[in-house]
Each structure stands twice: as structure tokens, then as C-alpha cells.
Trainee: 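The structure is given below, and queries will be raised subsequently.
Since we're looking at a predicted model, the values are computed, not measured. The sequence lines fix the lettering, A, B, ..., with proteins before strands; numbering per chain opens at 1.
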Amino acid sequence: MSTLTQQAATFDCRTDFADELITLARADERIVAVCNDSVGSSNLVKFRDEFPDRLINVGIAEQDMVGVAAGLANAGFIPFTSAAAPFLTGRAMEQIKADVAYTHRHVVLCGQSPGMAYGELGPTHHSIEDLSWMRAIPGLEIIVPADPSQMRSAVRWAAASGKPTYIRVPRFKVPAVTPDDAPFEAGRAVRLTEGSDVTLIAIGTMVSRALDAAAALGRDGISARVLNMTFVEPLDADAVVAAARETGAIVTAEEGLLSGGLGAAVAKVVAENHPVAVRMLGVPAFAPTGSAAFLLEHFGLTADGIAGAARAVLGRA
Amino acid sequence: MSTLTQQAATFDCRTDFADELITLARADERIVAVCNDSVGSSNLVKFRDEFPDRLINVGIAEQDMVGVAAGLANAGFIPFTSAAAPFLTGRAMEQIKADVAYTHRHVVLCGQSPGMAYGELGPTHHSIEDLSWMRAIPGLEIIVPADPSQMRSAVRWAAASGKPTYIRVPRFKVPAVTPDDAPFEAGRAVRLTEGSDVTLIAIGTMVSRALDAAAALGRDGISARVLNMTFVEPLDADAVVAAARETGAIVTAEEGLLSGGLGAAVAKVVAENHPVAVRMLGVPAFAPTGSAAFLLEHFGLTADGIAGAARAVLGRA
Amino acid sequence: MTTVLEPAAPLQVDDHAAHVYQQRSALLRASSPAEAAAELKGIATAVRRDILTTIQSAGMGHVGGDLSVTDLLVTALWGTLRMHPADPGHPQRDRFVLSKGHCAAALYSTLASCGFFPRARLSEFMAPLSPLNGHPARLKVPGVETNSGPLGHGFPVAAGIALGARLRGEAWRTIVVLGDGEMQEGSNWEAAMTAAHYRLSNLTAVVDRNRLQQGARTEDTTALDPLDAKWESFGFEVRVIDGHDHQAIKEAYAPSTTGRPVAVIANTVKGKGVSFMEDRVEWHHKVPTDEQVRLALEELTR
Amino acid sequence: MTTVLEPAAPLQVDDHAAHVYQQRSALLRASSPAEAAAELKGIATAVRRDILTTIQSAGMGHVGGDLSVTDLLVTALWGTLRMHPADPGHPQRDRFVLSKGHCAAALYSTLASCGFFPRARLSEFMAPLSPLNGHPARLKVPGVETNSGPLGHGFPVAAGIALGARLRGEAWRTIVVLGDGEMQEGSNWEAAMTAAHYRLSNLTAVVDRNRLQQGARTEDTTALDPLDAKWESFGFEVRVIDGHDHQAIKEAYAPSTTGRPVAVIANTVKGKGVSFMEDRVEWHHKVPTDEQVRLALEELTR
Ligand SMILES: Cc1ncc(C[n+]2csc(CCOP(=O)(O)OP(=O)(O)O)c2C)c(N)n1
Ligand SMILES: Cc1ncc(C[n+]2csc(CCOP(=O)(O)OP(=O)(O)O)c2C)c(N)n1
Ligand SMILES: [Mg+2]
Ligand SMILES: [Mg+2]
């Protein structure tokens, strides 16, 4: 697979997450970090060294972690609550529902190493469910940054928004894909390439692969639009409808289950507004053993896989 | 709303749940019940009286409840694990994922009083998230019975299936809607009326309302097919594709959020196989105060609401 | 997905009641526990009466736990904490969290007694679109700090609030009231460890130890005793009291003397004050008939 | 949604090793703790060596906790419980649950030593499509009773297994091993209450008390002490031992004498047996270099 972004330098967005958080914390005393014995894996060592009192590590206790964060928000803080995504979402689900979303507290939930980033550690440590789970909580904004610049924007956006927010913090290294002048707004997709035959809608780790797929399709004379959906909630429904109307076919790609994540959100908008053919790529089941890169290949979450789905949806397979 | 089923006798399926479980338990020593201080609200008083040792009440501890159930399955039992749906699903989410689904244990998860059945008790006690949450757990079968006969079939099916299963146990009273000869099979919808203009796909409390809607539409000369989807997982994709192909338009109705429940499952099949217009009815947000009946009206989850959606999807609004 | 806000008439401060509260509660807070007890008892009786009529008008509610927790609530809100009914979001307010949120009627009746909203609104309990939802919701009811209802949520949140006060160097205190059955939730023991580890001496956790939960006695469901030893081993300063003795409650609500957070195990009677409800499991959420309410109110004048 | 099964080569019993295990372990079980200790120690050293090479071939793993739990594992599987490597689903088997599932390499090495599968397969640890996943999965690895990895899951499951034995009138026992940091999870205290309430004397919960968790010492993260008092107040018979003394471990694994479930607090050293790893937090999941493995193996011959 010798395409542009696959050869480009790749970045670990956790560094950007941590650095941006420190920058914000220097300017705003209300910002605190809350974690579950995950100072290291949440990349919060520097934060702790600079703000020892403002790093609250509750130990291995995710329900308590989210409850404590909600309490800190009550006391006027803006808690960035950080844990491995499967434990943050799965273990503290009802706290996220009741204490954060329904109580409407400005708590920022940072799901570390989402998707299958923890590769060999297996399904208990994968977070392929988080987008489906979190989308089923009313009032929660959901951001899936695709590269370092979006990671930083996401942290800033969430700190300023006043809204309960879930952010995936990628561990899997990704190339930079976001143009300097790209918007970072709730409900606003980033259009990365123009295209008229098909639209590839991707998030997170899948965005660079969608770009590579578009390049490959272009070589076959297929004009593919690429949208980075970034905000899975609120979704950019206008961009989806425009894609359906203007390109007539859609492929979605995400590192997660298809039951209720990006693909499901897109399928809903399409089916309700402008029915066209959609193919959804994602993770179909609990993964076998393997590295994150291996598993993405295993499940066809690659540029080839995306391009293949595009050809299939166009009947050119 | 003076339509057939709305005038018919209605039933509390919890009685059927409890009676059927007792019948099975008499014949099969492996059947036990596990609950969270919910002997009364799970309608397990008679079960306990007849099988005092086989009713395991772990107290108010849902994570423990599901873990203990998985352990009982390891020891050769078939645990029917019963709690109010929001606490069973939201509080024990990661146990359901890891201990039941991923470990692949034959545990039957019985979500009592799902949807907005707990009316005035509010969003913390509503379970509008459960279908989206549970669909995002690989390997879990999901059954939403629509009436007493399906409730009994669901209990029998789950006991015999050997599969981890989630069953909604309705509290909101419903009329009988299932013909005697109707199938009860995984992945097989029940076709309740024939129709050629539009298909109404409903589950649980919405099925009788869909039938009423079909009757109302019929009076306007619109021929509506009604499918009771019963198994949200595995979905009857063939019936959905046939509906799309043969009737050209679909309305889904469920007592739950639309992010990843029945509607999302249907939209995926439609968008991937035979794109047609779909309207999805469900609960849009955390509910205000009110009885279950009031809230269903409030959110338009009525025969009128379904009929209106059908007219809208047909452009005859 | 967005949250739909309540279309209901919002609750607003009852100016007169709030004014009375400010003065009387200041005196009660300043009084010795022994001096304050009789007056607190009188307020509690009035609140109990409101609980009964509130549940009567709703035709639903959790009367047993409401009546067992009343004295704990009234002593907290009237006799201990600094509340601001006219300015419920006052940043320096003391915080009260009712973790056993099913006893919303008791909380609402007590908040109304303080003037957070007019007592007359209690009749809207659980009515369509009412702000007085079956479980407390903070965007709907002034004085509610966090939404409760699912058991095991209030204590971690309260620990976070107390930790927040500590981080800000603020003097306000936090009291959280838990059910005893609720202590079966592991989330509470997580919060206990956190509170003890951070030595949150500004936090008081109160257990309404009525020895009954929804379906049976706690000790017949999942035993909690020795509950004092549990709290002690989790690092709390433990005070075991009669949870209907206002003097004892006010004493127990005094700040920590050890630098550790305080656990008050308040021995109570579920259904307290209405003889035919007392210590009977079925009154967890049974609804009294009009005749039973009449009899209960009669008892509650004596 | 359906589960995709592993396309990997399944693990199969190692007949010879299983045969040796049946005989030696029967003798070890029958021996007094003092008699059995030396042999158990020898097996543990061999297992420690396998852990190191297993992690070396994977280039990943949790070596610190693997080495602290080894003696607890070996004494359970070789010296206490009745396992059936040739028939891993044997209905009367004793059950062993490793709740601290991140120490899969220790569990796999021990299971291989018993013959559940050939030792040679250990080199596939975490390889693509290998059954030896980073955390134990029962459909992939014979001898694994329940999938673990997220902390706080194994104990409730083990309580359910023990309760199941009780309900069926079966004599088999259940041992579950927990991390000490893991005890911060509230789900464990829920399970403790359940186990005590049902008086599950057929259940032994073992805490690998190495005083370190992922990022720091337990007492600097969220303090657990007095851990014995916690367990006692939750209704357990508590035995505090040196978790590297095989005699003491075997004694502590003896059945309950009180009718209550047993908690063994095993004081251990994280990284035990490899001097440069011992009691150092960074070895939670640091991976040794080839040279470090060589040095470690050298130490582990002595
Ligand atoms: C997580 C959760 N599980 C179950 C319930 C259902 N429930 C409501 S009240 C109650 C009993 C509570 O008992 P206790 O804490 O002793 O309260 P009190 O006796 O003061 O009413 C139960 C089980 C709930 N609200 N939340
Ligand atoms: C629910 C959950 N939260 C967090 C983690 C990440 N994690 C893996 S190991 C570990 C530390 C465990 O410490 P301890 O229980 O003391 O184990 P040991 O010292 O024996 O390795 C953590 C936090 C996890 N696996 N599960
Ligand atoms: Mg109680
Ligand atoms: Mg440890």
C-alpha cells in the first residue's frame, strides 16, 4: 500500500492531548484531571508534576472517578476525566448517564486508547463499543479527533463548551490530515477532498485511510469526496444529505462496532432524508489476538478495504 | 383513539414472565433466578416461595449480580438475571460485556420495566438506552416481546438457546397481538398484516399501536404491512429487505432512543441493501415527568404518530 | 442527541418562607444541640405531614424511607448547613446530597420548608411535566445538587464536591445521606476509600440505618453488620446515633475531630411517626389510602 | 451481532505433562504443607523462568505482577486444587480464577506446567491469532474459567461459582486471586458481602498484596490498609501470610475453619525473584531486554 498518508510521518495524539491540557490548565485554574491509576497511560505525568494538587487519581475505581468528577464540576471545576476507553465507558456507564449527562455537568470524558489500539490486550481492553454506547446518552457531545491538530482543538473545544463531552484520545499513530484552515465546530464535518461519485465518511484512525482510498479510487477514475466527521454527536447532517444528493453513494469507516456509531448515525440521516446506497465499515465482533495494525488489516479497515467498499457500493467491484 | 387494539384487554407481561419461569424451573433444575433486591419488582415472589434456594438475591449490587450469574453458569446453572432494565444494563454493562458475552456464558438478562414504563420515576429509571447499549455487545441475542404469548416464548427460547440473551420484560400493559400460529424464531419477524404501500416495523409496546396505525391508514386507502421484529438481534434482515423492495417505504417504532436500537438496525439493512425512505419513531431525549402512557403520547409514540410518520414517508402528510 | 428541557412551570423561591428560614436556621445553627432539638422536632413533624399529603396527591412515593430520613434531613438543612433558598447556586453554600433519591418527597418537603419553592407546589409531585419528578433532578428543583435515583451515585459525587472545596480552600461542608440497603453498592466503598485517602474531613456521610431495604430486612438480604467496623476499616470517624433524636443528630453532624471524614450511622425506623407503617417492609413504596393518610396526620399532630 | 471465533490453532492437552501433573499434584495435595514446600518452590522457579521467556517472545506483558503471583498460582494449581488438564471441563474440577487478568503470562505458564497445553505454545503469547491473548479468554485457553482483564470481575464470578457448588451440593472448591490495587474496585466489596452472606466457606479469595499498582504504591494512590480489618468487617476469615512461602500459602489455602469464606492476604514482592525488578513500580509492565532476561534467568537458577 504505497500511498501518500501511509508513508507520511505519524503521531501519537496522546502527547497533544496532554500538552494542550497543560496549556489550558496554566490559563484556567478550574481545569483539573481525574483518573483511575492511569497517570502514565493517560499521559498525565507532566500535568501531575506541574499541578500536583489538580491531578486527582482515585485509584482503580471508574464509577467513583466519574462521580467524583461530577462533584468537582459542582464545585466549579472543569474535570478532564481520563481512563482507558473501555473502562471509562463500560464501567462507569450509569454514572455518565446520571451524574454527567442527565445532571448536565461540564465533565470532559477522555477515552484513552480507543478502538483496538490496545491490540494484543484483547477485547476487554478494546473499545469498539464506546461510540454506540455514548451516542445512546442524550446530551453528550462526542468527538473523535483524527490527528494531532484535531486532538488539540478537541481539548480546547471541550474546555470551553460547557457541555458534557466524550473525546476519544487515539493511541494508534496517525498522520496529520487536517488543513490549517479547517473548521473545528460542533456539527461541522471537515471536507478533505472534493468528489462527485461517492463520499467516504471517516473518523479517527480511518480518516487517513479514507484519503488513501480516495487517491486509489482517483487512479481508477472514481471521484471520491472525503469527509472527516470529527463530531459524531452532533452529526453534520447537512454534509451527509449533501453527500447523498451530490455523490449518490456513501461509505462510512470507523474503528468500532456498526450497531450505533458513525455508520448508524449516517444511515439514519440518509434513510430519513435522501435514501442512497451506503456501505458501513467497522469492527464486526470481538477481535482475535493481534496488534492494532494487524487487527485493522484483519477486519479490512484499510485504504484497500475502503476503496473496495466504494467500488462495491458503485457496482464496480 | 378508538381503534381495535386500544380497546382490547391489556396484560402485564411480568406475570407471564414469572409463571413461565416457574414452569421451566419445575422441569429443569438448572434454572435459577438472580436479582438485586428486586424480588417483588421482578415478580419473583412465587418463584422464591416454590424454589427458595434457587432465588439468589445479591442485594443492591448489579455488577455483582451479573458476575455471580456468570459464575452460576460456570457451575452448570441457567441463571435468569433480573433487575430493572436501566440498572441491569447501565450499571453492569462491563460485566455483561466481559463476563457474559465475551466469556460466552448462557446467562439470560431480564430487563424489567424497560422503556419509559417507570413513567413518573424519571430518566434514571427509564431504560431508553438499553437496546442501543446491548446491541453494541457482540454475541448477545436481544428479544423484545410484544405481548404475553411472546413473553412466554421468549423465556422458553432463552432457556433453551444456550446463548447469552437480553430480554425486555414489559411492565406497560399491552394487548395480545400474536396469532397462535406465529413463529418465534431468532432472526424471524412476525408479519401481522399484509400491505404494499408502506411497512411499519415495531417492537414491544409499539406493536399494537402499529396495528392500529395500519387500520387507520387502511381507512385512508393506504395499505400498510406490519412487522413485529421481536428479535432486535439477530434482526430479520430478509424481512426488512423484502419490506423495502415490496412496499418502498418503512416506518420503525420503538420505546427507546434512536441511536442504535431497532430503527438503526433497520436503517443499516435498508441503506446497505435496498435504499428507500425510512422514518424512525422513538424517544428523542430524557423524558419530562409523567406516566408511561402520558410520555408515549408526549413523544408521539401512538397509533396516530405512527400513521402520521407513514403518511409523511409516503409524501401524503 | 440533545436534552429536551422541561416545558413545566419552573420552581421559584418562596420569599417569605426563605426569609423566615434565614433567620430561624441561623439561630438553630448557632444553638447547642440540646437547645435546638425541640424546634427541629417541630419542623420535622411539619415536614412529615407534608410528605404524607405530597404522596397522597401523587398516588405514588416511597413513604417508609421518607419518614425514616426526615429527621436527618431537617437537622441537616435547618440545623447544620448554610443553605441559600433565595440564591440556591450561591458558590459558598454548604452542599446537601440525598443519595437515596427515591426519597424525593422527603427532600422536596424539606426544601419547601426552607423556602426553596412554595409548599403549595408539593401537590404537583410526579404530575405531568412537573419539575417535581419522582427522583430529584437539579435542573428542575433548586437545592438539588446532583440527580439521584439509581442507588450508589450520591456518595462519589459528594466526595468530589468535598474534594473541590478542599482544592479551592473553601470552608463549605458537604453532607450526603445514604440508605442502608444502598451500602450494598460497591460504588460507595470506592467513594469511601477516596474520601478517606484524601482525608476529606469536610465530608459527612450519613447512613439511614432503618434495617429495611426494598424487599426485606437488610440482614436477610445481604447483611451489612458490623456496619460500624466496615466504615472504620475504610478510614472514617464513625458516630452511631439514634437517627430520630435531633440533639444526637446535630451533635453527630459536628465537624470531624480526627481529620478523617465522618460516617454517621443513624439508627432509624422506616415509616417513623406513623405507627402502622413503622418497621414494616411493605411500606417501602406502598401508597396510603386517604383514610390512612388521615390517621397518619392525626398521629403527627401529637 | 455474532462473535467471530478465533481462526487460530487451538490449544490441546500435553499428554505427558498432564500425566506427570496428575501424579505429582496428587502427592503434593496429600503432603503436609511443610513437606510440599520445597517441590512447589522448584515448580515456581520453573514457571518464573517460563514467564520471562514468554514475555520476551511477546515483547509485552506484566512481568512485575506475574512474578509476585507465581507462588500463589503454583501452590493453588499444583498443591491445593484438583485440576484435570486432560479434561479441563470436568464437572467436579476445582475452580481457579485469576481476577488480575493482566498477569496472563503467569497463568499460562502455570497452566502449561500442568499440561493443559504444551509449554512450547507459550512462545505464541500475544502473537497474531494466537489463543494466548494478552488477557485470559476461556474459549481459547483450557483451564481458564472466566475471561478477565478488566479488574474487579473475577471475584463476583468466583462467588457465583462457589454458590453454584453449594446449591448443587458439590464438594469442589474455588480459589480466586486478586491484585491489591484491584481491591479499589467496588465490585469486589459487593462480592465480598455476597460471599459472606451466603457463608461460602468453599471460596478462598487471595489478595496478591505487593503494595504496588500500575502507577505507584497502593498506599500513595488510594490506601487499602488496614486491609485485614476491611476483609474481617466484610465477614471473612482472614489469614495474613508471606505470599512467597509455599508452606504458608498451602496452609492458608486450607478450607475454612469458621464456616465463613476465607481471605488470604498474601504479602508479596512485585517482581519477586529478579532482584532488579523487585518492588519497583516501573516493572508493572516494562519489558525486559534480552540481556535483562538473561540476567533474570541466571538469578532464577539459584
Ligand atoms: C442501582 C439501583 N438498584 C436498584 C434500585 C431500586 N431500589 C429503589 S429503593 C431500593 C431499596 C433501597 O433501600 P435503602 O437504601 O435501605 O433505602 P430506604 O430503606 O431508606 O428506603 C431499591 C432496591 C435503585 N433505585 N437503584
Ligand atoms: C477496570 C480496570 N481499570 C484499569 C485497568 C488498568 N490496569 C491494569 S493492571 C492495573 C494495576 C493493577 O494493580 P494490582 O491489582 O495491584 O495488580 P498487580 O500489582 O498484581 O500487578 C491497572 C490499573 C484495568 N485492567 N481494569
Ligand atoms: Mg433502608
Ligand atoms: Mg499490586
Trainee: Can you say whether B:Val58 sits under 4.5 Å from chain C via the side chain, the backbone, both, or neither, judging by heavy atoms?
Mentor: backbone
Trainee: Quick check for you: among C:Thr218, C:Asn133, C:Asn147, which has the greatest number of heavy-atom pairs under 4.5 Å with chain B?
Mentor: C:Asn133
Trainee: B:Asp130 and salt bridge (Lys or Arg N to Asp or Glu O under 4.0 Å): which partner among B:Arg91, B:Arg135, B:Arg168?
Mentor: B:Arg168
Trainee: Counting only non-hydrogen atoms closer than 4.5 Å, does C:Met60 touch chain B with its backbone (N, CA, C, O), its side chain (CB onward), both, or neither?
Mentor: side chain
Trainee: Output the option from B:Gly59, B:Gly40, B:Gly290 having the highest count of non-hydrogen pairs under 4.5 Å with chain C.
Mentor: B:Gly59
Trainee: Look at C:Ala104, C:Ala127, C:Ala58 and state which one has the largest set of heavy-atom pairs under 4.5 Å with chain B.
Mentor: C:Ala127
Trainee: Under a 4.5 Å heavy-atom cutoff, which of C:Gly134, C:Ala137, C:Gly101, C:Ala216 has the most pairs with chain B?
Mentor: C:Gly134
Trainee: Taking the six-membered ring for Trp and the full ring for Phe, Tyr or His, determine whether the centres of B:His126 and B:Phe286 are under 6.0 Å apart.
Mentor: no
Trainee: Taking the six-membered ring for Trp and the full ring for Phe, Tyr or His, determine whether the centres of C:Phe236 and C:Trp189 are under 6.0 Å apart.
Mentor: no
Trainee: Side chain of B:Ser38, backbone of B:Ser41: donor and acceptor closer than 3.5 Å?
Mentor: no
Trainee: Kindly indicate, with the supporting measurements, whether the criterion side-chain hydrogen bond (donor to acceptor under 3.5 Å, both in side chains) is fulfilled by B:Asn57 and C:Thr221.
Mentor: CA-CA 7 Å; B:Asn57 179 359; C:Thr221 307; 4.7 Å; no
Trainee: Got a second to check how far B:Leu55's CG is from B:Phe80's CZ, nearest 0.5 Å?
Mentor: 13.5 Å
Trainee: Heavy-atom pairs under 4.5 Å with chain B are the metric here; pick the option from C:His102, C:Glu185, C:Glu182, C:Gln184 that has the most.
Mentor: C:Glu185
Trainee: If you count heavy-atom pairs under 4.5 Å between each of C:His153, C:Met126, C:Met183, C:His135 and chain B, which one has the most?
Mentor: C:His135
